[in-house]
Participant: 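My questions will all concern the structure given below.
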Amino acid sequence: MDAPSQVLAGYDTYDDILKVVVDVAHKAGSMILAALHTNTDDNVHHKGRVDLVTDTDRKVEAEVMRILKEKFPHTHFLAEESTEAAKEVLSNEPTWIIDPIDGTTNFVHKHPVFCVSIALAIAGNVVVGVVYNPQLNELFTATRRGGARLNGVKISVSRADSLEKAVVATNVGVDRTPEGVEFLTKNIQKLLLNNVQSIRCNGSSAWEMSSVACGRLDAFYEKGIHSWDIAAASLIVTEAGGVVTSFEPGSTLDLLNRRVLCGNRAIVDIISNLLFST
Ligand code: IPD
Ligand code: CA
């Protein structure tokens, strides 16, 4: 197994770091569940017309960052609620990429698909990833070259090799421009006209990608997502034997270009050759 970089001195393996991150994710999960049961409308704010943030997102992010800063003082942070849009950049330094609640709209509506997502990237590559849905008690974990797990049990992507056998997930995101809506509807139309078995929109890309990793969804794609939505889950998918691309056939994931498509190799090739040319 790869050794962590010098700046993470004291932690010999990525598994050692993973243990800390799992503890942090559990703490975040407890905060989210506690808030869920006392949540009121007055702690919902609008970042955009349909882009929500709650006090809980901010409190959880602050706590996750506080603990990680204390444990790993020389690391950098890319976190949804404290990073200005223009500053979503990733250096080669060890960087935590954090979404305190992925699926905030679901959280606000008490729909049980939301999670905390925490990734560690070194030299731009994710090496540790944790996605935790406290409501469903699902803990997805991965370390570079160490495999992916759901609640401690190894997972792998599905073997679906045709659209007829595939349940494909996507999300409607927050883009309500005519072009954005056309992208969404045309691609869904193409999938349906090509006899996809079914389509799901669960509202949390981190959880949906993790669901691809454990084979209960066959593929996921979305345009408009951010690095914090997908960083941890991208490692979980690849460690589960899947591939993660930026739409174009043969492309690789670029955490910053706001596009993601993942699944097993066969289904990703089929989808990338069919979609996205609207
Ligand atoms: C959102 C979720 C959603 C996706 C949006 C994201 P947030 O993240 O991942 O599934 O459709 O594009 O912004 O705002 O709930 O952290
Ligand atoms: Ca979020």
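Just follow the structure's listing: the first ligand is 1, and inside any ligand the first atom is 1.
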Participant: I need the OD1(Asp99)-the Ca ion (ligand 2)-O(Ile101) angle, rounded to 10 degrees.
Facilitator: 80°

Participant: Under 3.5 Å, is there a donor on one side chain and an acceptor on the other for Asn171 and Glu208?
Facilitator: yes

Participant: Under a 4.5 Å cut-off applied to non-hydrogen side-chain atoms, are His45 and Thr54 in contact?
Facilitator: no

Participant: For Ser205, counting its heavy atoms only, list the atoms of ligand 1 lying under 4.0 Å from any of them.
Facilitator: 9 (O), 10 (O)

Participant: Other residues, nucleotides and ligands only: do more than 12 of their heavy atoms fall within 6.0 Å of CZ on Arg159?
Facilitator: no

Participant: Give a yes/no verdict on whether any heavy atom in Asp99 is under 4.0 Å from an atom of ligand 1.
Facilitator: yes

Participant: Residue-level breakdown please: for Ile101 versus ligand 1, do any non-hydrogen atoms fall below 4.0 Å on the side chain, on the backbone, on both, or on neither?
Facilitator: backbone

Participant: Purely on distance, is any nitrogen or oxygen of Gly103 under 3.5 Å from one on ligand 1?
Facilitator: yes

Participant: Report the part of Asp102 in contact with ligand 1, treating N, CA, C, O as backbone and CB onward as side chain, heavy atoms under 4.0 Å; options are side chain, backbone, both, neither.
Facilitator: both

Participant: Between Leu275 and Ile225, is there shared hydrophobic-cluster membership here, with clusters defined by ILVMFWY side-chain heavy atoms closer than 4.5 Å?
Facilitator: no

Participant: Between Thr245 and Thr252, is there a side-chain heavy-atom distance shorter than 4.5 Å?
Facilitator: no

Participant: What is the closest protein heavy atom to atom 4 (C) of ligand 1, and at what distance does it sit?
Facilitator: Glu222 OE2, 3.1 Å

Participant: For Glu80, what is the atom name of its N, O or S atom nearest to the Ca ion (ligand 2)?
Facilitator: OE1

Participant: Is there a path of hydrophobic side-chain contacts, each under 4.5 Å between heavy atoms, that joins Phe107 and Trp207?
Facilitator: no

Participant: Just to confirm my output: which protein heavy-atom neighbour is closest to atom 3 (C) of ligand 1, and how far is it?
Facilitator: Gly203 O, 3.5 Å

Participant: Suppose we measure from atom 13 (O) of ligand 1 to each protein heavy atom; which comes out shortest, and what is that distance?
Facilitator: Asp229 OD2, 3.8 Å

Participant: For the residue pair Ser204 and Asp102, confirm or rule out a side-chain donor-acceptor distance under 3.5 Å.
Facilitator: yes

Participant: Using a 4.0 Å cutoff against the non-hydrogen atoms of Thr104, which atoms of ligand 1 qualify?
Facilitator: 15 (O)

Participant: Is it the side chain, the backbone, both or neither of Ser204 that has a heavy atom closer than 4.0 Å to ligand 1?
Facilitator: backbone

Participant: Angle class for the Trp96/Phe72 ring planes (parallel below 30°, perpendicular above 60°, tilted otherwise)?
Facilitator: tilted

Participant: For the residue pair Asp254 and Ser246, confirm or rule out a side-chain donor-acceptor distance under 3.5 Å.
Facilitator: no

Participant: Counting each atom of ligand 1 from 1 as listed, which ones have a heavy atom of Gly173 under 4.0 Å away?
Facilitator: 11 (O), 12 (O)

Participant: What protein heavy atom sits nearest atom 14 (O) of ligand 1, and how far off is it?
Facilitator: Glu80 OE2, 3.7 Å

